[in-house]
Each structure stands twice: as C-alpha cells, then as structure tokens.
Amino acid sequence: MLTHDELAIVHLVLNTDCNAWDLTPTSASPGVCRFCYRERNRVSTDADTVRRVIDRVRSESEAHRCVFTGGDPVMPYDNHLEVALRHATEAGLETNLHTNGLLLSERYAGLRDHVTVYSLAVDGPDSETADWFRGQRYFERFLSNVELLTGDQRRLAFNTFTTAGSMQELPRLAQFIAGITQQTDVEYWLISQYRPIGRANARKAEIYGFERDDFVRAVDDVRGDVNGVTIYAQPTRAPEDPYPFRVWVLADGTVTADLGSVAAPRNAVLGDLLVEGFEPLVRRAFSLREQTQLEGIA
C-alpha cells in the first residue's frame, strides 16, 4: 500500500485533447494557449474500465484526491467523466476538476454532486489580459462560470499562467480572487511561469520566458492579498532541474510519471495498472526518478 506521504494525489486523464482552440486569438495574441505542452492523442476506454482503474488506485494507495485533467476533461462527447467522478467520490476520493470551463455549464448538472473543487483557468483580471492567453470572449465565459459556481456555493481554485507583462496584473487578479472568497470557499491559487517541458521551443521561451527571480518576487508580493487562500508558485526550470513528482493514470489503465527532468520529451510510460498493479508501477517510478536524478548529478 502506498502511504499518503508517498502519494497524496493522483491525476486521472480521460482524454488528452482540448477545446480551447475553438476560440479565436485576439489580434495582439501569439495564438491560443501557446504555452500548452499537452499531447494530442485521445484515450480509448469504457465506463467499466474507468471504474476498475479507480478501484485499483484506491485499493493500493492512500491517495486522498483525484485530479481530473487532460487536455480538458469537459469535452463535447462522452468521455465517461460523470461515471468517473461519481465512482471516485463513492470510493472515498476527493475530486478536483481541472478545466478551462468552456463547456462547464452544459455538463454541470451531471457533475455538481461529485466534484470537491472546481479549478478554473484565468490569466488576468480582465478580458484584455485573459483573452490574450485563451482567446476571444474567454474571460466572459470565465465570469459566467464563477457566477454559476459561487451561486451554488461550490469550492473553487484558480490556475494562472504568466508573461513578463501579465505579471504586472497579478495584484488586480489577487483583488478579484479575494472578492470571490467573500462569496464561496477558494482552496488554492496556482500561478505558473513558463515550464520548458515536452514541446518546448525558442518561440515559446521568447513569449513567456522571463527571469525566475522576477516571477518569485511578484508572486510573493500578492501572497498577503488573498487571505486564507494557499498560493502555489511554479517558476520556470532549467533543463537539468527536477520537476515535482506526479503520477498520471490514463483511463485505460496506463500509468505514467514525471521522472525528474524537464528535458524529457514526455512522461515515462510505466505500464498497465490493471495488469501489473498500481503500487508496483509507482514504486518503479520512485526508483527510476532517483536513478535519473543521480545521473543528472553525476
């Protein structure tokens, strides 16, 4: 059994495609979600397999939370999201729905009773800043989702991507989030800098790259502006820097993990938990990660 200290959170991937590109870039933007490093293959599974995958994770670990991520898990087709959320909740897991929210209202009725926290993306305090990252009218959709979720007293979280320019808007965004805390519970705010992993390239670095120290300082400056909300900072990393360990479970049973280097083109595929078990695969990842870091030091 993997203890809670060894593995507190599992990321479940029902699909790795996303609908963000349905939005049109603003005139000044380099393109919608240019910072993204997702892979574009869709996971092939069925409802029964999803349940079996969740049961295996639950029986072999003390992980307390399952993060539903992608791509974007709220897509315009049946990716078994409602089944997976319901089953994870019934298995005693907290659930975090990590979404851009573009189609949240359409599927909300089937999701609401099985989501512990809704994590929404917002990259600025107004449409000028937020739409630059995500596309025209994104901020309008975001405000609509906040109204829906606060009105229903759902627990929220936010994730924000940054550029050197948008960092100047963090104080205003902090004030905006502080206002939401007066309406409903906000659990955390994740603020990220450019992370050169997967599909890193010079153009992305040119657009989103700026000094790590400037990023850390800007985040530290707003920590006191959102009382009661935990703020996580993800600064950029050099190719030799280790990346925080995370386990990703595809809904077909495939287990992958971050093994420690942002230079890796993709997560390491460890195996199928329905065949080999969940705990052995994660322990293999621990060993491989330690080996990778020792090789990096050498």
Side-chain angles (χ1 to χ4, degrees), residues 4-13 33 35-38 63-70 72-73 93-101 115-125 129-130 133-134 142 146 149 154-164 166-181 184-198 208-238 241-248 257-258 260-262 267 289:
H4 180 273
D5 288 340
E6 289 178 309
L7 189 68
I9 296 173
V10 174
H11 294 74
L12 183 64
V13 180
C33 296
F35 51 84
C36 187
Y37 52 87
R38 71 186 179 92
H64 74 281
R65 174 167 289 188
C66 185
V67 179
F68 289 79
T69 183
D72 195 290
L93 289 163
E94 294 181 349
T95 57
N96 182 333
L97 185 63
H98 195 278
T99 178
N100 60 35
V115 177
T116 306
V117 56
Y118 294 83
S119 181
L120 302 177
V122 59
D123 307 305
T129 308
F133 286 88
R134 308 272 175 176
F142 170 77
V146 170
L149 296 169
R154 301 292 99 181
R155 186 187 301 177
L156 301 183
F158 300 101
N159 64 87
T160 297
F161 209 81
T162 58
T163 66
S166 71
M167 288 298 296
Q168 302 171 24
E169 299 294 338
L170 276 185
R172 281 208 300 141
L173 186 52
Q175 291 176 1
F176 178 81
I177 293 174
I180 296 174
T181 66
T184 196
D185 182 31
V186 177
E187 182 176 301
Y188 67 85
W189 181 16
L190 171 64
I191 308 173
S192 299
Q193 194 181 5
Y194 178 59
R195 290 165 287 162
I197 60 179
Y208 300 105
F210 54 100
E211 291 298 323
R212 174 194 175 106
D213 289 347
D214 292 340
F215 171 82
V216 173
R217 187 179 307 111
V219 174
D220 286 344
D221 285 346
V222 300
R223 289 189 184 278
D225 297 342
V226 192
N227 291 333
V229 176
T230 300
I231 295 180
Y232 298 104
Q234 286 193 149
T236 192
R237 290 176 170 83
D241 289 342
Y243 195 71
F245 182 77
R246 292 185 294 180
V247 171
W248 306 79
D258 302 308
S261 172
V262 297
N267 291 343
R289 181 177 171 87

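Quick note: residue numbers are just sequence positions, from 1.
The main-chain N or O of Thr160 is never found under 3.5 Å from a side-chain atom of Asp123 such that the two would form a donor-acceptor pair. Side-chain atoms of Thr116 come within 3.5 Å of backbone N or O of Thr95 as a donor-acceptor pair. Between the side chain of Asp225 and the backbone N or O of Gln175 there is no donor-acceptor pair closer than 3.5 Å.
In terms of heavy atoms, Thr129 sits closest to Gly124 at CG2-CA, 3.7 Å. Across all non-hydrogen atoms, the minimal contact from Cys66 to Leu93 is CB-CD1, 4.3 Å. Closest approach of Ala233 to Val219, counting heavy atoms only: CB-CG1, 4.0 Å. Closest non-hydrogen pair, Asn159 versus His98, comes out as ND2-NE2, 3.4 Å. Contact between Ser119 and Asn96 at its shortest, heavy atoms only, is CB-OD1, 3.4 Å. When all heavy atoms of Val13 and Gly70 are compared, the closest pair comes out as CG1-CA, 4.3 Å.
Ring orientation note: the planes of Phe142 and Phe158 are nearly perpendicular, at an angle over 60° on the 30°/60° scale.
Taking the charged nitrogens against the carboxylate oxygens, Arg65 and Glu187 do have a contact shorter than 4.0 Å, which makes a salt bridge. Taking a cutoff of 4.0 Å between a charged side-chain nitrogen and a carboxylate oxygen, Arg217 and Asp214 qualify as a salt bridge.
Within the 4.5 Å cutoff, the side chain of Leu12 has no heavy atoms near those of the Thr69 side chain. Using a 4.5 Å heavy-atom threshold, the side chains of Thr163 and Phe133 count as touching. Counting heavy atoms from C-beta outward, Phe161 and Val122 have side chains that stay 4.5 Å or more apart. Under the 4.5 Å side-chain criterion, counting only non-hydrogen atoms from C-beta, Met167 is in contact with Phe215. A heavy-atom distance below 4.5 Å is found between the side chains of His64 and Ile9. Looking only at side-chain heavy atoms (C-beta outward), Phe210 and Gln193 come within less than 4.5 Å of each other. Under the 4.5 Å side-chain criterion, counting only non-hydrogen atoms from C-beta, Ile191 is in contact with Thr162. Side chains of Leu156 and Asp185 form no contact here, defined as non-hydrogen atoms less than 4.5 Å apart.
The distance from the CG atom of Leu97 to the CZ atom of Phe68 is 8.0 Å, given to the nearest 0.5 Å.
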Going through the distances and angles, do Tyr118 and Arg155 end up as a side chain to side chain contact (heavy atoms under 4.5 Å, CB included)? CA-CA 6 Å; Tyr118 294 83; Arg155 186 187 301 177; over 6 Å; no
Side chain to side chain contact (heavy atoms under 4.5 Å, CB included) between Trp189 and Val226, intermediate numbers included: CA-CA 9 Å; Trp189 181 16; Val226 192; 4.1 Å; yes
Are Leu149 and Thr184 close enough, and set up right, to give a side chain to side chain contact (heavy atoms under 4.5 Å, CB included), and what steps lead you there? CA-CA 8 Å; Leu149 296 169; Thr184 196; over 6 Å; no
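A search for salt bridge (charged side-chain N to carboxylate O under 4.0 Å, His left out) contacts involving Asp221 returns nothing, not counting sequence neighbours.
Side-chain N/O atoms of Ser192 and Gln234 include a donor and acceptor closer than 3.5 Å.
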